[in-house]
*Asks:* 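For reference, the structure I am asking about is given below.
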2 protein chains.
Amino acid sequence: MTAEPVPSRRRANTRARLLEAAAEVFADKGLGAATVDDLAGAAGFTRGAFYSNFSTKEDLFFALFEALSARMVDSVRETVESAPDYDLGLIGAVLERLRPQARAWYIVQTEYLLLAMRNPEVGRQFAAHRNKFEGEFADVVMAALTRLGRRPTLPVEQLTEALASLYMKNLAVEALAGDAPRRDGEPGRFIADTLPAVLLGLSEPLA
Amino acid sequence: MTAEPVPSRRRANTRARLLEAAAEVFADKGLGAATVDDLAGAAGFTRGAFYSNFSTKEDLFFALFEALSARMVDSVRETVESAPDYDLGLIGAVLERLRPQARAWYIVQTEYLLLAMRNPEVGRQFAAHRNKFEGEFADVVMAALTRLGRRPTLPVEQLTEALASLYMKNLAVEALAGDAPRRDGEPGRFIADTLPAVLLGLSEPLA
DNA sequence: GGCACTCGATACAGTAACGTATCCGATACA
DNA sequence: TGTATCGGATACGTTACTGTATCGAGTGCC
């Protein structure tokens, strides 16, 4: 391992601002269309600052993905841990908590997936990431189900995958309906109905 | 309506070759990274031919999406109509039939979705497309379910959405596992197990 | 089989983004 | 407070892609 060059406070701050701005830029323009100038400019810098911190825009993109993933997992964990009790309402609480970050996360995650489908190297990274992510998530699902007095009728990993893919789909549907009028905070019909239905339909009472 | 300028045989052929080549190019490079030169070159033409037939690469992209969608729907319909009888095995037959076109279709569809999330105008087109597509598909699901002697325990549209999103997810998983060794023609564990389970879990016997 | 015209090839200029090399101000440290 | 180093800004040359304008061969038609 090469010794890390000790990042200064100033440098860390610049990186953070670049990362934060990148979420918006990538969400709006996409990895392909976003230019280094867009990314630096959105953070209030010039390209000089960018190249001083990242070697390519893909470099920044991957760093952003890491940061967003970490924030998503933390949000879920926090919500679940601070829940007063476990019932189907927990699903709504989690969705509500994820909502503000959902659009950017969905887009970045999806573009990463496309990249992974095109490049075996990226594909391996992506798969590793997702296994870890879904493993943690499967534990949460299993715990919640147990507290509900139920058990899955198929391997919990598959149930989790099903829930996750439904949630992903819902993110897309919600983002698409962005212009359609809807009451603030309402989690959306599809997910509110379907997620619990699937959760119950693919599980059975314990006893 | 302006009168269509009567496309010559030569012209139609050029368009078709451009469309066919575009599927591969867009799947490999993506809409953003693909250049007009890539697209024309892959079809054996120069940019002159491209600009004579399409005004922008987005133009070609949308045309490709239409073509691929039509082929997907046709494939499903043909498979279902020529099925000896309706049982859970039909799912496998449909998947098998879609398989060769699946990767390109998934990528193009996903990039279209991203475009739709970023541009309200495109978003409306996309939504219209999907409503039509999923409407047709819901009919097929309902018919199949009826012949199986079952009925959905939630609105058939939601069940269809669930199945579709699982299938989409599976497409991604399969494409990612492209390098992993697997027997030819095997439809993949996830989808083979999960799809029927969901179909049964979200429906009940008729009587 | 000759003629007109369509359509794809070629050539050109303009533009935008890239990556680097250099400069200068800010910051840390003594 | 002085000085050395770090980090972001600026300027530059290069490359690659775009879109149009023009040319010439292949095609359909009589």
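Just so it is clear: chains get the letters A, B, ... in the order the sequence lines come, proteins before strands, and each one is counted from 1.
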*Asks:* Between atom OH in Tyr51(B) and atom P in dT10(C), what is the gap in whole Å?
*Replies:*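 Rounded to the whole Å, the gap is 16 Å.
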*Asks:* Give a yes/no answer on whether the side chain of Asn53(A) brings an N or O atom under 4.0 Å of OP1 or OP2 in dG7(D).
*Replies:*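 No, Asn53(A) has no side-chain N/O under 4.0 Å of OP1/OP2 on dG7(D).
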*Asks:* Please identify which of these residues, Leu31(A), Thr56(A), Leu39(A), meets the side chain to side chain contact (heavy atoms under 4.5 Å, CB included) condition with Phe61(A).
*Replies:*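 Looking at Leu31(A), Thr56(A), Leu39(A), the match for Phe61(A) under the side chain to side chain contact (heavy atoms under 4.5 Å, CB included) is Leu31(A).
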*Asks:* Base, sugar-phosphate, or nothing for Thr35(B), non-hydrogen atoms under 4.0 angstrom?
*Replies:*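 Sugar-phosphate only.
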*Asks:* Atom CG of Asp37(A) and atom C1' of dA11(D): how far apart are they, to the nearest Å?
*Replies:*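 Those two atoms, CG and C1', are 14 Å apart.
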*Asks:* For Leu60(A) and dG19(C), give me the distance from atom CG to atom P, rounded to whole Å.
*Replies:*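 Interatomic distance, CG of Leu60(A) to P of dG19(C): 13 Å.
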*Asks:* Let's test this: given Watson-Crick or G-U wobble pairing with both distances under 3.5 Å, identify the partner of dA30(C).
*Replies:*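 When the pairing criteria are applied, dT1(D) turns out to be the nucleotide that pairs with dA30(C).
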*Asks:* Give Arg47(A) one of three labels, base, sugar-phosphate or nothing, depending on what nucleic acid heavy atoms sit under 4.0 Å from its own.
*Replies:*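 Answer is base: heavy atoms of Arg47(A) come under 4.0 Å of a base.
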*Asks:* Rounded to the nearest Å, what distance is computed from the CZ atom of residue Arg9(B) to the P atom of nucleotide dT27(D)?
*Replies:*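 My rounded result for the distance is 11 Å.
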*Asks:* Which residue, Arg10(A) or Ser52(B), contacts DNA chain C at a nucleotide closer to its 5' end, judged by nearest heavy atom?
*Replies:*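 Nearer the 5' end of the strand: Ser52(B).
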*Asks:* Would you say dT27(C) has OP1 or OP2 under 4.0 Å from some side-chain N or O of Ser8(A)?
*Replies:*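 For dT27(C), OP1/OP2 do not have a side-chain N/O of Ser8(A) under 4.0 Å.
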*Asks:* Would you tell me whether Glu161(B) and Thr194(A) have side-chain atoms, one donor and one acceptor, within less than 3.5 Å of each other?
*Replies:*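 There is no such pair (donor and acceptor under 3.5 Å, judged by atom type) between the side chains of Glu161(B) and Thr194(A).
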